[in-house]
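Please read all numbers here as calculations on a predicted model, not as lab measurements. Just follow the structure's listing: the first ligand is 1, and inside any ligand the first atom is 1.
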Amino acid sequence: MDYSHFKTILLLCIFFFFCFPQAKGNHRWNTYTVVIYNGLPFDSPKLSIHCYSADDDLGYHDLAAYENFSWKFKFNQWLWARTRFHCQFWWDKKSKSFVVFNDYDHCILYSPIPTTNYCQWTVQEDGFWLTNYRGDTYRVFEW
Ligand SMILES: *[C@@H]1O[C@H](CO)[C@@H](O)[C@H](O)[C@H]1NC(C)=O
């Protein structure tokens with residue numbers, strides 16, 4: 001590799017660290033928590049979930065009303081390669097599937113949630129509500 005290639009690669013690295021917003025760390029905690037909470041009515045059909053990332057399959061779980069399923073993981077990012085968890089949900093005759101975590105500041109990219117390392121997804125009849133550790137709550141998806 002000659003010197004001009006080295007310079008190009010160095011400039012690319014500088015570009016990604018300073019210009020790529022996800023590579024900048026303002027609020028990076030050590031540990032992140034995701035909770036799936038069943039907030040569906042007590043007498044309704046059970047909720048089934050399946051959550052996974054590229055590295056971890058967290059398995060299939062049935063949740064009764066007011067039960068939750070949660071997991072923790074460590075901050076781990078190299079440039080734009082980030083931890084990304086996806087969940088599938090089944091309830092009654094409905095199903096839904098979406099990314100529950102892919103952003104170290106706001107749980108998911110472009111979510112309105114203020115900076116947090118706690119991502120609670122509450123499943124209700126009217127959709128999926130995201131709550132941070134302060135209790136800020138937004139409905140992000142409908143069934
Ligand atoms: C989730 O369930 C556990 C065990 O039942 C409980 O200790 C915990 O407080 C629950 N978390 C939430 C957010 O409801």
Side-chain angles (χ1 to χ4, degrees), residues 1 5-143:
M1 180 162 42
H5 279 131
F6 177 75
K7 253 193 346 199
T8 307
I9 289 168
L10 189 68
L11 284 173
L12 272 174
C13 290
I14 289 169
F15 169 78
F16 278 113
F17 271 102
F18 292 98
C19 304
F20 203 69
Q22 290 304 320
K24 281 199 276 187
N26 320 321
H27 291 275
R28 278 15 188 351
W29 286 270
N30 250 339
T31 307
Y32 288 76
T33 304
V34 176
V35 179
I36 310 293
Y37 180 84
N38 183 353
L40 289 161
F42 193 68
D43 54 2
S44 80
K46 71 176 193 302
L47 173 70
S48 298
I49 64 168
H50 176 216
C51 299
Y52 54 90
S53 68
D55 304 325
D56 291 304
D57 189 329
L58 305 176
Y60 289 79
H61 300 270
D62 289 341
L63 295 179
Y66 316 134
E67 279 184 346
N68 71 73
F69 175 72
S70 72
W71 68 96
K72 289 179 192 294
F73 50 93
K74 298 244 184 276
F75 176 82
N76 179 16
Q77 177 176 305
W78 193 81
L79 294 186
W80 58 87
R82 275 165 286 157
T83 298
R84 181 175 182 275
F85 279 98
H86 193 275
C87 290
Q88 300 167 290
F89 299 84
W90 297 270
W91 174 62
D92 210 356
K93 289 173 187 69
K94 301 180 212 275
S95 68
K96 187 83 181 179
S97 173
F98 54 86
V99 169
V100 296
F101 184 94
N102 64 352
D103 188 282
Y104 287 113
D105 295 316
H106 309 287
C107 300
I108 55 170
L109 283 171
Y110 313 119
S111 89
I113 208 92
T115 305
T116 186
N117 64 341
Y118 177 87
C119 308
Q120 180 179 322
W121 290 92
T122 300
V123 185
Q124 296 186 177
E125 278 176 296
D126 62 356
F128 300 82
W129 296 74
L130 180 57
T131 302
N132 65 9
Y133 69 96
R134 292 200 318 203
D136 302 309
T137 301
Y138 298 88
R139 182 169 62 174
V140 182
F141 297 108
E142 295 180 15
W143 276 100

Which class fits the ring pair Tyr32 and Trp29: parallel under 30°, tilted 30 to 60°, perpendicular over 60°? perpendicular

Contacts satisfying side chain to side chain donor-acceptor pair (under 3.5 Å) that involve residues 61-70 (not counting sequence neighbours) are Ser48-Asp62

With Arg139, which residues qualify under side-chain hydrogen bond (donor to acceptor under 3.5 Å, both in side chains), at least two apart? none

Name the one of Phe69, Trp121, Tyr118 that satisfies side-chain contact (heavy atoms from CB on, under 4.5 Å) with Val35? Tyr118

Between Arg134 and Asp136, is there a side-chain N and carboxylate O pair less than 4.0 Å apart? yes

Which residues satisfy the side chain to side chain contact (heavy atoms under 4.5 Å, CB included) test with Pro41, sequence neighbours excluded? Asp43, Ser44, Glu125

Close N/O pairs between ligand 1 and protein, under 3.5 Å:
from     : atom 1 : to    : atom 2 : distance (Å)
ligand 1 : 2 (O)  : Asn68 : OD1    : 3.4
ligand 1 : 2 (O)  : Asn68 : ND2    : 2.4
ligand 1 : 11 (N) : Asn68 : ND2    : 2.9
ligand 1 : 14 (O) : Asn68 : ND2    : 3.3

